[in-house]
Peer 1: 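I am attaching a structure below and will ask some questions about it afterwards.
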2 protein chains.
Amino acid sequence: MKKFVPVLKRTKLFSGVGDDDISTMLSCLGARLLTYEKGEYVLRQGEHLSDILVLAEGSLHIQRDDYWGNRSILGHIGVGEIFGEAYVAPESGTLLNDVIAVEDSSVFFFDVKRVISTCSSACRFHTMVVQNLFFAISEKNRGLVQKLDYMSRRTTREKLLSYLSEEAKKQNSASITLPFNRQQLADYLSVDRSAMSNELCKMRDEGLLEFEKNRFRLF
Amino acid sequence: MKKFVPVLKRTKLFSGVGDDDISTMLSCLGARLLTYEKGEYVLRQGEHLSDILVLAEGSLHIQRDDYWGNRSILGHIGVGEIFGEAYVAPESGTLLNDVIAVEDSSVFFFDVKRVISTCSSACRFHTMVVQNLFFAISEKNRGLVQKLDYMSRRTTREKLLSYLSEEAKKQNSASITLPFNRQQLADYLSVDRSAMSNELCKMRDEGLLEFEKNRFRLF
DNA sequence: TCCTTTCTGTTGTAAATACAACCGACTTGT
DNA sequence: ACAAGTCGGTTGTATTTACAACAGAAAGGA
């Protein structure tokens, strides 16, 4: 568990907390570290959740399959990101989405009650962690608003362009790597894969962008 | 300002705080109360925000107009609801949406710095308010996920049904009142108004629902 | 290496949507 | 009461999308 302290140190949750203090907090917060193989479910839709999770290594997708097998991908979780925070509130109800490992992954579980409430021992950082938690979920909130912005576009092309250009802004480069293959990108943008593939090629022919696998370059 | 204490008492932000303590906190938090006429902007896209807002009376829409005048409605804010919380984080950047009064409204402004940090006076409730804030934004987060679920549907009918049935669940009744007229509902679901109107009538003819103005009944 | 599976692009067709234009009912303000 | 504006429904057409089916390339396993 200790080996992930450098990872945790750079997360939003432990921002401003030193290495030693993180080590202390790991036991103070009753942290557990679980591992998942590619394809395994980390969380399932309908479950109750009382932990805040942090991805220590690997990569996850938040997604949802309906009755008919149509998949919708809500988002991607990279190393150091927090997830599950939205479902630990007392009145939150059960999870609306699955979380699945897209590669072998390790996940920290922190009991929210121990994160939020001041403990008896000498953890000076609870206040800061609660604030961090607030800022982290507030960031996630803005990300969701951003995604709603992509999804509110009427055409596949507009969805692609708004997503790709936002991603370019985030990655601070015109060359970007997406955490999705074509099918996943289509599920993320809620469009048909073949139509999207078609549209991507048209855009390439028009000189708007280039791509190879999941690497894209915008012009 | 005092007259709104009963309203504030029932908000998520002040949940668990007594009347007297709310009165005390109003000054302690440096609360300001501003009023807006129907159609006035409360917040504008691109602005910086350092306050957390609570709607004391009236009704607001969170929306966004693009270059070409296409409007997208992100959500509706009713009395007692918190808003702006997602944009008060240090690294949050500017607002992505406008907030506009759809009827004459009054809004409380609370400086986030005074909400989050412990004050010197005897406010025993800061910890609780920060927790409340966390839960409130976490609830808003779930609402955004819910909206993404509507928006991920491919057809206008599916969008309508998922939205209306979710609203029926929230309002705990098959008869629901929407905070939108037809154009606003279309902007909320990101579909064409006339196509949506058409679809609604088809659904009515098929016996799926009834409606009159902004009141709907599901069968 | 060979076989299987996955991934991506291509095409054609049916279905759904956007867009524009129009109409009548209803509101609002003067 | 009148005029102007708003609102919701209807229709037709052009555009866009979903869906299904297929094929070649790439990746992975035996």
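Since the structure is predicted, the reported quantities are computational estimates derived from the model, not experimental observations. Numbers restart at 1 for each chain; the letters A, B, ... are given by sequence-line order, proteins then strands.
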Peer 1: Using C1' atoms of five pairs at each end, report the bend of the helix from C:dT1-D:dA30 to C:dT30-D:dA1 rounded to 10 degrees.
Peer 2: 60°
Peer 1: Test for a donor-acceptor pair under 3.5 Å between the base of D:dA20 and the side chain of A:Ser194, counting only N and O atoms.
Peer 2: yes
Peer 1: Strictly below 4.0 Å, N to O, side chains only: are B:Lys159 and B:Glu199 in salt-bridge contact?
Peer 2: no
Peer 1: Need one value for A:Ser197: base, sugar-phosphate or nothing, where a base atom within 4.0 Å counts as base even if backbone is also close, heavy atoms only.
Peer 2: base
Peer 1: In whole Å, what is the span from the CH2 atom of A:Trp68 to the C1' atom of D:dA18?
Peer 2: 16 Å
Peer 1: Measuring only between side-chain heavy atoms, which start at C-beta, is B:Leu53 closer than 4.5 Å to B:Leu49?
Peer 2: yes
Peer 1: Grab the N/O contacts between the protein and nucleotides 22-30 of chain D below 3.5 Å, and write none if there aren't any.
Peer 2:
residue: D:dA27; atom: OP1; partner: A:Lys213; partner atom: NZ; Å: 2.6

Peer 1: Tell me the side chain to side chain donor-acceptor pair (under 3.5 Å) pairs involving residues 71-89 of chain A, sequence neighbours left out?
Peer 2: A:Ser59-A:His76, A:Asp65-A:Arg71, A:Glu85-A:Lys140
Peer 1: Taking 4.0 angstrom as the limit, do B:Arg215 and B:Glu212 come out as a salt bridge?
Peer 2: no
Peer 1: Reckon A:Asn181 touches a base, only the sugar-phosphate, or nothing at all at heavy-atom distances under 4.0 Å?
Peer 2: sugar-phosphate
Peer 1: If you measure from the Lys or Arg side-chain nitrogens to the Asp or Glu carboxylate oxygens, is any gap between B:Lys169 and B:Glu166 under 4.0 Å?
Peer 2: yes
Peer 1: How is A:Thr156 classified with respect to the nucleic acid when contacts are heavy atoms under 4.0 Å: base, sugar-phosphate, or nothing?
Peer 2: sugar-phosphate
